[in-house]
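Notes follow the structure.
Below, chains carry the letters A, B, ... as their sequence lines are ordered, and counting in each starts from 1.
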Amino acid sequence: MTKFFTRLAVCLFFFFPLIANAQTTISGKVINDKKNPVIGATVVVKGKGTQSNSSGGFTIVASKGDILTVTSVGFTSQSIKVGNETNLVIELQEASIKLDDVEIVTAMDIKRNSRELGYSVQTVKGSDIQQTQRENFVNALQGRVAGLTITPTSGTAGASSGIVLRGFNTISGTNQPLFVVDGIILDNQTLNSNSQSGSGIGLASDGNNRNNDNTNRIADLNPNDIENVTVLKGPEATALYGSQASSGAIVITTKKAKGTDGKVLISYDNSFRYQKETRFGVVNNDFGPGSSNNIPFTSPNATGSFTSFGPRWKPGTTFYDNLHHFFQTGFSQTHNLSAEFGVKNVAFRATGQFFDSKGVVPNNTYRKYNFKLANTTKIGNKLTINPSIAFTNATNIRPLKSSASGSGAGGYLVELYEWPANNDIRNFEDNLGNKNVLFNTNRNSDFDNPLWSAKYNKSGDVLNRVVSTVGIDYTPLTWLSLSGRFGYDYYKNDGYLFVHPESFQLTQATGGSLDNYYRTYKGYNHTITATAKKKFGDFSTRLLTGTVWQDFETQQFAIVGNNLIDSFGKVNNNMYKFGMVIPSDFLNTYDSSNTARISRRRLLQNNRGLPNVNIFRELAFFGEVSIGFKNVAFLTYSHRFESASPIPKQNRNYNYPGASLSLIMSDIFPAIKKGNILNYAKIRASLASTARLNDPYSNQRFFVNNFSSTNLPTTYTYNFTNANLDLKPEKQKTFEIGTELRFLNSRLSIEGAYYNTLCKDQIAQGYRASYATGSVLNTTNAASLRNQGVELTLNATPVRRKDFEWNINFNFSHMWSEVLTLPESIGQLNDFYNSDTYISNVRGGLIRGRSTGSITGSNYIRNNAGQIVISSLNGVPLINGGTNVFIGDRTPDFTLGTLNTFRYKNLSLSFLWDLKVGGDIYNGTDQLLTNLGKSIRTADRSTPIVVKGVLNDGLQNTANPTVNTLAIVPQYSSTYYTSLPDEEFIQKDVNWFRLRDLTLSYSLPSKTIKNLKAFKSLSLFVTGNDLILFTNYYGADPAVNANNPGTGGVGGYGLDLGSAPTPLGLNFGLRANFK
Amino acid sequence: MKHNIIRTILFSTILSFVGLSSCKKKIEDAYLNPNAPVLVPIETVLPGVIGGFTAFNSAAGTNYGLQIDDVLLGRYVQYWGSTVAGENYGSMGGTIGSDNTGGIWATTYYGHGQNVNYIIQKGTEQQKWDFVGVGYAIRAWDWLELTNQYGDAILKQAFDVSRAQFLYDTQPEFYDSCRAICFKALENLNRTDGNVNPANLAASDAYLNNGDLNKWKKFVYGILARSYIDLSSKNIFVSKNYADSAIKYATLSLSNNNENILATFSGLNTSNGFNSYFGPTRSNIGTIRQGGYIANLMSGANTGAFTGVSDPRAGYMLSENAAGTFKGVAPWLGVSEYISGTTPTSGYPKNFWRNPVVSATSGTDDSAKYVFGNRGPWPIMTASEMQFVLAEAAYRKGDKTAALAAYKNGISLNFDMLTTTFSFKIPASRVITATSKNAYLNNPAVVPATAAGITLTHIMLQKYIALFGWGTHQTWTDMRKYHYVDIDPATGNKVYADFTPPPTSPINYLITTNNGKYVYRCRPRFNSEYLYNIPELTRIGALNTDYNTYECWFSMP
């Protein structure tokens, strides 16, 4: 198949130029009425286009008689017939109607006029992303697109970010959108630690995603290469992309090489950033260690945990500000260099970025190099090819959140909160490099000092990625264009997770553990389309047909071992190798050869010297027909036929339709434009189905390794999952209606949309039915849910003067959802959940009739009247801990992003406020601290408490229950604290108002620049990230996620335990263009 | 030019059909998991199943089995207790919201589950009747252990892969099914035709019976014997010939210590599956200490049995303290009585790995003796136990002479097991000699001089000692038959002399949600049933906070 299309491409290459018309290259300059250059204007001939460069110049290939269309935001479009002249000066008039005929890159890298679109798209300029200075560019999108939610996993360097468009549509598959760069699908996996018992491509220790974070791979993209980002949220937009875009698509266009008239144009910019952690959980440090109940003794602290239910610290005890001793000032620097060069038909663009970051958490570093070379070559006047090659190298070191097999509770942050206040955490190791202990002689039984933990329990990975793409556009006939996008995405990602032999997370006998993985990704995909356009009187028609082939393969070697060479049993518990003490930072600590050979485990195929592989293949054909009437009404119908490898053969071929309608009401009824108040009005509607797939192999039952004593070389056991050979793809149906309105010469524009998505036959992957099936997990089509929302975008320019302009942009989103059905085996009040979201006892569980953002956990036992039932023996409330029930909903009431941009002469200021109202958060950190007697809740433990409720004396459900009068003095009964139900730690209706990004930049006036001979332009900027946070949340930072995006389904957003909060960042730098 | 286009389109169309079929094939090729096998030899499946008796350990799940639950159930029978005061299981509490005490549930349905089915199915196809017999034997053991621990559970609908909801069956059905499967097991174990190959079985069975079909048969008889003796407190025990059946099968079962069913561990490395869950390497039982009840019973401090007799076996089975004596903890108090000074600190018992630092929770290398070492052995069933089955059944029938003989034999076999199987790490001063053994057996405080003197207390308490450490499940069944504190009408004293469950006054140490009742069953495994099957759990009452106190059928009159 791949070969075939390569051949076809070759055919296209060689046949069509022969039949091409004689063409000429036209160069020109776009200026405004003040004769200043218009930068970035789009110049189009026969559907192919270019953009004017920084001096307004452009070159384009056209034939005599062709119509050249020049458009730019804020200007009326101009059409010019190509004559003999090859050097044009086009003057654009400032538009009274802005944003009318803007071309938007939609699915399949197809540019379409915004008028035609019957669905919602939103575009973010690359420069806006760049100026936020965020290394993971997806974090810059938060607040800029209505209906898009970004949740970073933590505030550490190299943290992943979950991206969700319009809510959660699948209960166990991925809700991440598809990333398409220049028409090529790029990989955005996050390493999923779960290897499905060694049968998949996770870690050999088969861990979970609560304990460590890995970058989401789209973050490898150089933000500086981005020209713009189009977010396709609507159904019709994504119908063409198929099942993988069922959660939307993020379509990125990179900067293209442009003509420079033979000059080499160089630009350079940099940014230096300081980061500081300012948000912490509240810890009470009044009490010293002690087991419980203030029994007048302190037991030999046998467990190594710092339960602070002991006596109050003696007056005069020295306390240490450990919170501030832990975090450090983060520093990062970014350097961007780009060069452009172009002659008549050939242009090159080379870019490079160096990014180096030291995080606020000690020993957290992230270093990245990006290089890209892009070319645009025109052959004749009908063929354009755009090859590019991009290289990324990234190295990321991160302290572990918890051990690979831990439950998510643990890791440096939790340890930091737990640490006794009378001990200085900075004193964490002795001069031999051993962990200092507080309560135990056995280091493994004593808690890990957070600084020690951050230094010695860590993970790291190195990435090398090459993305090569070729775009071919061919226009053999005036009405026919063919285009091909071919991409090969390849990376190697090697990493490790290391838990030190002396860590509390492991027993002494384990002697440390080391996971290594060696991952290779090879993703080929191509999209080939043919578009025909014809006009028949008042009707314009467009027919698109195409095919997509995807072949994505991830290979992985992974190994885990323990008993790091000679790591125990020697003097001082130092690590030894070949009889030498190994310094902690020696080069090869993280080499798997340091583990005891006999303890090593590998992924299944690795035992045979082969990698485990995960292959996804998909073939699709699609067609789209559009009919436009008088350029005021557009109807589009599309259909996609798809076949993909994870689905069993009998259900593997599926197809789905999409349709959309766009009516330009202001042109149909021009009367409404009278008075120049309303200038433009469009209504639109769209409707589409799509499918969604399971993870490869998730419906299959097979054997995995058993590790019981045996004399045989390999033994086997069935894997967790029950076989389901009749699995079908999920079905998703969406309709959307919307409007676009522009007022007052487009000084004000409003866009609104309502959508309604019904997802049926949801694949419940990894749900736990009774073990009586003989399996633990099951994959079946067994759930449905509905997702609805309203989005409003408002753009306004309250002031537009020569020297001063103010733009304001609001992105409002309100969504709601309901789980309609679940596997029948789940009780009406019980939940379906993804075990990765199991944080302590709390999890993101789904319950029928509730929102997808539900949190489930334990609650108080209540009587029929809803009063808390209390033990008649000791006055402690009774807890319903048997099953998890609904205790909170993470879904916000609404979110509102507000972006202000001010420009005064050469000074510009922009800032983005991100408002979230409503939505609950589970404060697991506080629950942990409460259990340890370190929460602020436990500060006043000597005042008797009489819990409001009724006694469990048999009368609790009668008309006259006994009101509780039993007093508890928590000082003498810490069980009051340790048995509080999870619902106590749900904070309802958490709001935040956050200043995400603030940028002040200053361009040096042209006069000054003239004196600086080398520069064409020079500007300076200061950018702040997350500078201000107003919130009613009592924990550290409400923007939390307990999982990384490797977790499917709804994931762990709003579950707060052990994640480092987002630090505050301050960047400054300069931007220069050279002559 | 037109011609060219038409030709190209035609050419492309043909090519795309060719391409289409090759794409479809590539897609089909990518469907099956390339990393894992779907069919494997049954010989490679049995070792994991055998490991599942004690503590299942695989890439797809670990820690299901006897040993996992024993750590907690041992607190109900007071073999040991946690060091922490007021600990849930020491206070006879049940499991709420976790998989604790769900080990046997997971073993039966999952760890053994389809793996055993696979052995039986493929073994039948391949006429490996020895493997088939072993498979049935394991399934029979599963049903009995399962129902004794949880009461009602899933039987008829078990292993129906297309089902999402499962109904529960009652305990008598499990007993019947267990026995029926025992006979199927025997039928297959008796076959020598087809591809029965002892050497082949031995390779897979290296860490249990080493392919000894005779031992497997005796194991099955032992399961049958257990299935009858477990009903000894029923009124119909004698009249329905259950006593006779118990005697018959116990007689057919293990008769000497060479036949003991012992799970062993390779100790090949520190990996969990290669080491006993109770061993120092895995470090799971560092925070438990032996119970005061067993310590007193073996050191002569029990006022109702073996009073004043120092049991030579204590040096093998129990952990001494700094004073060189054997003391234990009350499971609901933990070690608080030592720390608070109520009991002298010198009595503070060391952990089972005999770390000389009394408060230590780790071992020192493999200093552990008895069943607490890394390599076991961990008995699943012993000849000594069968003698106590005989003794109890004979006693119930009124045949005190046979009861006394079996009783004495049971003690003797237990002594011999210690001196042969568990002779390691015993200080010279504590080594059992023929003299010390005989002295014990001839002590009238232990073995009554005449048959008339034998009581249920004798039998049940010697069985309690003989099963210490490894036989927690069976001991819990035994104690529940006598409702922990039943009075023996023959003596007017408790059958389990001096046994005190967590007291309710003056301070209430019994977990409050028990509503004053003792523990009688475990809840079904949380992650298997409590996310699922809520209607069925509601029907059997498993959502009630005192479900753990519901008495099982086997101990009802």
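- Screening Pro646(A), Pro648(A), Pro696(A) for a side chain to side chain contact (heavy atoms under 4.5 Å, CB included) involving Tyr31(B) leaves a single residue, Pro648(A).
- Looking only at heavy-atom pairs under 4.5 Å with chain A, the residue among Ala158(B), Gly286(B), Ala30(B), Ser266(B) that has the most is Ala30(B).
- Interface residue Tyr110(B): backbone and side-chain heavy atoms are both found under 4.5 Å from chain A.
- Just one residue in the list Thr108(B), Thr95(B), Thr107(B), Asp99(B) forms a side-chain hydrogen bond (donor to acceptor under 3.5 Å, both in side chains) with Arg525(B), and that residue is Asp99(B).
- For Asp205(B) and Asn210(B), the side-chain atoms include no donor-acceptor pair closer than 3.5 Å.
- In this structure, the side chain of Asn705(A) does not engage the main chain of Ala59(B) through any donor-acceptor pair within 3.5 Å.
- No other option in Val161(B), Ile154(B), Val45(B), Val40(B) has as many heavy-atom pairs under 4.5 Å with chain A as Val40(B).
- Heavy-atom minimum distance, Ile879(A) versus Pro981(A): CD1-CD, 3.4 Å.
- Between chain B and the options Gly827(A), Pro713(A), Ser645(A), the largest number of non-hydrogen pairs under 4.5 Å is found for Ser645(A).
- A donor-acceptor contact closer than 3.5 angstrom links the side chains of Asn711(A) and Tyr207(B).
- Proximity to chain B is limited to the backbone of Thr714(A), based on heavy atoms less than 4.5 angstrom apart.
- Highest contact tally toward chain B, considering only Phe707(A), Tyr767(A), Phe702(A), is held by Phe707(A) [criterion: heavy-atom pairs under 4.5 Å].
- Only the side chain of Asn699(A) comes within contact range of chain B, judged by heavy atoms closer than 4.5 Å.
- Of the residues considered (Ile861(A), Leu610(A), Val613(A)), Val613(A) shows the highest number of contacts with chain B, using heavy-atom pairs under 4.5 Å.
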**OP:** Mind running ring pair (Phe, Tyr, Trp, His ring centres under 6.0 Å) on His112(B) and Phe53(B) for me, showing each step along the way?
**Re:** CA-CA 9 Å; His112(B) 284 169; Phe53(B) 275 111; 5.4 Å; yes
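- With a 4.5 angstrom heavy-atom cutoff, Thr545(B) touches chain A only via side-chain atoms.
- Most heavy-atom pairs under 4.5 Å with chain B: of the set Val876(A), Asn952(A), Asn719(A), this distinction falls to Asn719(A).
- With respect to chain A, the highest number of heavy-atom pairs below 4.5 Å among Thr44(B), Ile534(B), Asn35(B) belongs to Asn35(B).
- Proximity to chain B (any heavy atom under 4.5 Å) is restricted, for Ala644(A), to the backbone atoms N, CA, C and O.
- In this structure, chain B has heavy atoms under 4.5 Å from both the backbone and the side chain of Ile826(A).
- Using a 4.5 Å cut-off between heavy atoms, Asn653(A) touches chain B through its side chain atoms alone.
- Contact of Gln828(A) with chain B is not made at all, since no heavy-atom distance falls under 4.5 Å.
- Using a distance-only test at 3.5 Å, with no hydrogens or angles considered, no donor-acceptor pair links the side chain of Arg289(B) to the main chain of Val335(B).
- Looking at Ile647(A), the atoms closer than 4.5 Å to chain B (heavy atoms on both sides) all sit in the backbone: N, CA, C or O.
- For Ala106(B), the parts lying near chain A are the backbone and the side chain together; criterion is any non-hydrogen pair under 4.5 Å.
- Put simply, of Leu32(B), Leu268(B), Leu543(B), Asn508(B), the one with the most heavy-atom pairs under 4.5 Å next to chain A is Leu32(B).
- For chain B, the nearby parts of Thr717(A) are the backbone and the side chain; heavy atoms of each come within less than 4.5 Å.
- Each of Ser528(B), Gly51(B), Pro535(B), Gly113(B) has some count of heavy-atom pairs under 4.5 Å with chain A, and the biggest count is that of Ser528(B).
- Ring geometry for Tyr718(A) against Tyr118(B) counts as perpendicular: the plane angle is over 60°, on a 0 to 90° scale with 30° as the lower cut.
- Put simply, the side chain of Asp160(B) never gets that close to the backbone of Gln157(B): no donor and acceptor are under 3.5 Å apart.
- Using a 4.5 Å cut-off between heavy atoms, Arg523(B) makes no contact with chain A at all.
- Contacts between Asn722(A) and chain B at a heavy-atom distance below 4.5 Å involve the side chain alone, from C-beta outward.
- Heavy-atom distances place the side chain of Asn562(A), and not its backbone, under 4.5 Å from chain B.
- There is no side-chain donor-acceptor pair under 3.5 Å between Asn57(B) and Ser708(A).
- Under the 6.0 Å distance and 45° angle rule, Arg375(B) does not count as a cation-pi partner of Phe265(B).
- Only the side chain of Tyr64(B) comes within less than 4.5 Å of a heavy atom of chain A; its backbone N, CA, C and O stay farther away.
- Top candidate by heavy-atom pairs under 4.5 Å with chain B, chosen from Ser599(A), Ser197(A), Gly774(A), Ala772(A), is Ala772(A).
- For the pair Asn706(A) (side chain) and Tyr716(A) (backbone), a donor-acceptor distance under 3.5 Å is absent.
- If you take OG1 on Thr281(B) and CG on Asn374(B), they are separated by 3.5 Å, rounding to the nearest 0.5 Å.
- No donor-acceptor pair under 3.5 Å is formed between the side chain of Asn200(B) and the backbone N or O of Glu43(B).
- With a threshold of 4.5 angstrom between heavy atoms, Arg652(A) approaches chain B through side-chain atoms but not through N, CA, C or O.
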